[in-house]
Visitor: 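Would you mind keeping the following structure in view while I ask a few things?
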Amino acid sequence: MGIYLNPGNEKFEAMRRDFYVDKTGLIACMNDLIGKPKPLVCFSRPRRFGKSFDANMLCAYYDRSCDSRELFRDLKIAGYDSFDRYLNQYNVISFDVTGFIWDSGIHKTTIVEEIKNTLLKEVRKFFPDCVDEKENNLGKALYAVVSKGYAKFVFVIDEWDALFRECKDDKQLQHEYVLFLRSLFKNQDLTLKTIAAAYMTGILPIKKYGTESALTDFQEYTMINPDDLASYIGFTESEVRTLCEQSSTDFEEMKCWYDGYHFKNMESVYSPNSVISAIRRKSFRSYWTSSETYESLKNYISMNFDGLKDAVIVMLGGERVSVDTGTFQNDVTTFDNKDDILTLLTHLGYLAYDEVESEVYIPNLEVAGAFKSAVRGTNWREVSRLLSQSEKLIRATINGDSETVAAALELAHESCTSVLEYNDENSLSCAIVLAYYTARNYYEIYREFPAEKGFADMVFLPRRNTDKPALLIELKYNKDADTAIRQIKERRYDGQIKKYFGNLMMAGINYSKETKKHTCVIERA
């Protein structure tokens, strides 16, 4: 076994000893491509979403230098017809591009040459009878190996896009890197004779030049279009529920913190790192975003594109924003409009994408906390002030301090005037969610909550493990707050709300179109 050539199955074996979710169906998807004209896949998704786990799994399955039958015999892949046909049948070349970047230090301009030479060195070492010492073309070296009767190669490339992220301003190096990959995978005749399959994973989709992909032969799966690989992006909701049952972990709390990534025709997807960390540490908090830098999110949302700030404020207020993902060039430097930024944030995992409606939104509590921290570092003073005073507003509401609540919501509504029509109930609703931003740490927030007579404008139902009262909010304009309270009382609430009677705060809020003055009445029920 080598470091990059046929690395063995030890990493996957270690994974099996930890909390493990069976994702071997991905192997079956790759097996279906073997022998077909383009057995090449690029599957991109955010950090801490299990990319390296998949890479280790594929290496263990295909690597001919080891026997992995016992590792896979009780997993889903063992039930597929292709299991025995391809198990440990290929030479595997596997490498993580970030490793070469870290090793290169200040000499990053030599990274591509280092990758090529390192791989060539191992191929020569293990196949000395096939590859001449003077051969410096990796593709031709691999062809020489296969021509001598040895098994074809499977490529597994982790963090394939690292050069576009870490060396984002070095266009020459990026071009050299693309040419290197094209030399391996673009020549269809050579690829079919030499490479059984290739799997690349990273954060960004394949770089586009204009409308054309740099590596057109790859089938791409992304956070925008995961298609039939959507269930392999992370842990599905049913998988998370099973893990919670096995570990006696509160599933509803897990869902609130880490759910939110939804894809067409399938259940929700969660970040594996966050789920496993919460189970292992028995604590719900931000795990995924702690591995990211708030600085990068702050820089992206602060960019000077028309409508970007407004879009972020709308999403902070719990709404969704339409987006055109087609113009994004799949790098971290080429931006022409706000939609390019929103698309990048989707690939980074800071936003979730609704493919049916072409909308993006903040997915869960974990990411909501990252946005709060990022906004604090911008020059959005009023919005930052709102978010930082959210806890104070929650306390004021629970304590029945109507004057403080009215003043806070007036400020919140004013901060949203550039985004939504001011004299509109939906504008006030968005402003309230923004003002109560950290309430999502304690409450499930519902708009247009059904009652026996009509709907409650907003309902805050306490989540488990919190002693806070439920909140019921009615919104009015050009009337008065007493009318709002009276309307709450006239609606006969039962079911979920009725059980909180005795521990329910009712807030009637009104604002005037003419004076823009907000008034508030709070009562306990």
Side-chain angles (χ1 to χ4, degrees), residues 1-16 23-36 38-43 50-72 75 77 80 82-100 115-128 130-131 138-160 180-181 183-185 190-202 218 232:
M1 292 188 294
I3 298 174
Y4 306 103
L5 174 58
N6 294 334
N9 58 18
E10 290 180 353
K11 291 180 179 179
F12 184 66
E13 186 177 14
M15 287 165 50
R16 289 300 316 267
K23 291 294 184 179
T24 56
L26 179 62
I27 298 174
C29 295
M30 292 300 299
N31 285 348
D32 286 344
L33 297 176
I34 293 177
K36 295 181 179 177
K38 297 180 180 180
L40 313 172
V41 168
C42 182
F43 190 10
K51 298 187 299 298
S52 298
F53 284 89
D54 289 350
N56 294 334
M57 175 186 71
L58 292 170
C59 286
Y61 175 78
Y62 288 116
D63 188 344
R64 65 187 299 272
S65 71
C66 57
D67 183 354
S68 299
R69 182 171 298 277
E70 284 300 305
L71 288 175
F72 289 100
L75 301 178
I77 184 60
Y80 285 83
S82 63
F83 175 62
D84 287 315
R85 190 183 317 153
Y86 300 122
L87 176 65
N88 300 132
Q89 294 298 306
Y90 295 103
N91 290 302
V92 172
I93 290 182
S94 175
F95 60 96
D96 182 337
V97 177
T98 57
F100 285 94
I115 294 174
K116 183 182 72 173
N117 291 338
T118 300
L119 299 182
L120 271 169
K121 183 178 180 180
E122 287 217 353
V123 172
R124 292 193 191 101
K125 176 182 177 181
F126 288 98
F127 300 101
C130 302
V131 183
L138 181 59
K140 290 182 178 179
L142 301 182
Y143 178 72
V145 172
V146 177
S147 297
K148 287 289 186 73
Y150 292 100
K152 287 185 178 181
F153 291 83
V154 170
F155 270 81
V156 180
I157 305 176
D158 197 5
E159 301 289 356
W160 87 270
F180 166 66
L181 295 177
S183 71
L184 291 173
F185 305 121
L190 188 62
T191 299
L192 284 175
K193 292 175 181 178
T194 306
I195 298 175
Y199 178 87
M200 298 198 309
T201 184
F218 274 82
Y232 303 111

Visitor: Listed by chain and number, what are the side chain to side chain donor-acceptor pair (under 3.5 Å) partners of Tyr86, not counting sequence neighbours?
Guide: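 Partners of Tyr86 by the side chain to side chain donor-acceptor pair (under 3.5 Å) criterion come out as none, since no residue qualifies.
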Visitor: Closest approach of Ala144 and Cys130, non-hydrogen atoms and distance?
Guide: CB-O, 3.6 Å
Visitor: Is any side-chain heavy atom of Asp63 closer than 4.5 Å to a side-chain heavy atom of Tyr90?
Guide: no
Visitor: When rounded to the nearest 0.5 angstrom, what is the spacing between CZ in Phe155 and OG1 in Thr194?
Guide: 9.0 Å
Visitor: Using 30° and 60° as the class limits, which term best fits the ring planes of Phe100 and Phe95: parallel, tilted or perpendicular?
Guide: perpendicular
Visitor: Got a sec: does the CZ of Phe53 have more than 12 other heavy atoms crowding it under 6.0 Å?
Guide: no
Visitor: Is there side-chain contact between Leu75 and Arg16, with at least one heavy-atom pair below 4.5 Å?
Guide: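 Leu75 reaches Arg16 side chain to side chain.
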Visitor: How close do Asn56 and Met15 get, heavy atom to heavy atom, and via which atoms?
Guide: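 Shortest heavy-atom contact: CB-SD, 3.8 Å.
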Visitor: Do Val146 and Leu142 make a side-chain contact, defined as non-hydrogen atoms from C-beta onward lying under 4.5 Å apart?
Guide: no
Visitor: Assess whether ring pair (Phe, Tyr, Trp, His ring centres under 6.0 Å) is satisfied between Tyr232 and Phe43, documenting all intermediate values.
Guide: CA-CA 10 Å; Tyr232 303 111; Phe43 190 10; 7.5 Å; no
Visitor: Take atom NZ of Lys152 as the centre, draw a 6.0 Å sphere, and report whether it contains more than 12 heavy atoms from other residues, nucleotides or ligands.
Guide: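 Yes - once you tally the heavy atoms of other residues, nucleotides and ligands closer than 6.0 Å, there are more than 12.
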Visitor: What's the separation between atom SG in Cys66 and atom CD in Glu13, rounded to the nearest 0.5 Å?
Guide: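 With rounding to 0.5 Å, SG (Cys66) is 9.5 Å from CD (Glu13).
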Visitor: Using the rule given for side-chain contact (heavy atoms from CB on, under 4.5 Å), can you reason through Thr201 versus Trp160, listing the C-alpha separation, both sets of side-chain angles and the distance that settles it, and then say yes or no?
Guide: CA-CA 6 Å; Thr201 184; Trp160 87 270; 5.9 Å; no
Visitor: If we ignore hydrogens and angles and just use 3.5 Å, is the side chain of Glu159 paired with the main-chain N or O of Gly202 as donor and acceptor?
Guide: no
Visitor: Closest heavy-atom contact between Arg69 and Asp84?
Guide: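 Result for this residue pair: NH1-OD1, 2.7 Å.
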Visitor: Dump the intermediate steps for side-chain contact (heavy atoms from CB on, under 4.5 Å) on Ile77 and Asn31, then the final yes or no.
Guide: CA-CA 10 Å; Ile77 184 60; Asn31 285 348; 4.1 Å; yes
Visitor: Please assess Phe127 against Tyr150 for the test ring pair (Phe, Tyr, Trp, His ring centres under 6.0 Å), listing each intermediate value before the final yes or no.
Guide: CA-CA 9 Å; Phe127 300 101; Tyr150 292 100; 4.9 Å; yes
Visitor: Apply side-chain contact (heavy atoms from CB on, under 4.5 Å) to the pair Ile34 and Tyr62, showing each step before the final yes or no.
Guide: CA-CA 12 Å; Ile34 293 177; Tyr62 288 116; 3.9 Å; yes
Visitor: Please report the interatomic distance CD1(Ile93) to CG(Leu138), rounded to the nearest 0.5 Å.
Guide: 5.5 Å
Visitor: Checking Asp96 now: which residues fulfil salt bridge (charged side-chain N to carboxylate O under 4.0 Å, His left out) with it, not counting sequence neighbours?
Guide: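 Listed in chain order: nothing, the list is empty.
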Visitor: Just by distance, with hydrogens left out, do Asn6 and Ser65 show a side-chain donor and acceptor under 3.5 Å apart?
Guide: no
Visitor: Apply side chain to side chain donor-acceptor pair (under 3.5 Å) to residues Asp32 and Tyr80 and explain how you reach the verdict.
Guide: CA-CA 11 Å; Asp32 286 344; Tyr80 285 83; over 6 Å; no
Visitor: Check whether any side-chain heavy atom of Val145 sits under 4.5 Å from a side-chain heavy atom of Phe126, and report yes or no.
Guide: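 No, too far: nothing below the 4.5 Å cut-off.
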Visitor: Considering all heavy atoms of both residues, which atom of Ile195 and which atom of Leu184 are nearest to each other, and what is their separation?
Guide: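 What the structure gives for the nearest pair is CD1-O, 3.5 Å.
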Visitor: Compare every heavy atom of Asn91 with every heavy atom of Ala151, then report the nearest pair and how far apart it is.
Guide: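 So the minimum-distance heavy-atom pair works out to O-ND2, 3.0 Å.
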Visitor: Would you say OH of Tyr143 has more than 12 non-hydrogen atoms from neighbouring residues, nucleotides or ligands within 6.0 angstrom?
Guide: no
Visitor: Partners of Arg124 by side chain to side chain donor-acceptor pair (under 3.5 Å), sequence neighbours excluded?
Guide: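 Residues passing side chain to side chain donor-acceptor pair (under 3.5 Å) with Arg124: none at all.
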Visitor: Would you say that Asp67 contacts Asn88 through its side chain, given a criterion of any heavy-atom pair below 4.5 Å between the two side chains?
Guide: yes
Visitor: Is any side-chain heavy atom of Leu5 closer than 4.5 Å to a side-chain heavy atom of Phe153?
Guide: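 Leu5 vs Phe153: side chains touch.
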Visitor: Roughly how far, to the nearest 0.5 Å, is NZ of Lys23 from CG of Leu58?
Guide: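 Here the rounded value is 13.5 Å.
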Visitor: Any chance you could measure Lys116, atom NZ, to Ser183, atom OG, to the nearest 0.5 Å?
Guide: 8.0 Å
Visitor: Answer with yes or no whether the side chains of Asn9 and Ser68 bring together a donor and an acceptor at under 3.5 Å.
Guide: yes
Visitor: Between the main-chain N or O of Leu87 and the side-chain N or O of Gln89, is there a donor-acceptor pair closer than 3.5 Å?
Guide: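 Such a contact is found between Gln89 side chain and Leu87 backbone.
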Visitor: How close do Phe218 and Cys42 get, counting heavy atoms only, and between which atoms?
Guide: CD2-N, 3.8 Å
Visitor: Between Tyr61 and Phe72, is the ring centroid distance below 6.0 Å?
Guide: yes
Visitor: Step by step, work out the side-chain contact (heavy atoms from CB on, under 4.5 Å) result for Asp158 and Lys51.
Guide: CA-CA 7 Å; Asp158 197 5; Lys51 298 187 299 298; 4.1 Å; yes
Visitor: Is there a side-chain contact between Leu26 and Met57 (heavy atoms, below 4.5 Å)?
Guide: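 Heavy-atom side-chain distance check passes, below 4.5 Å.
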Visitor: Using side-chain heavy atoms (C-beta onward) and a distance below 4.5 Å, is Val41 in contact with Met200?
Guide: no
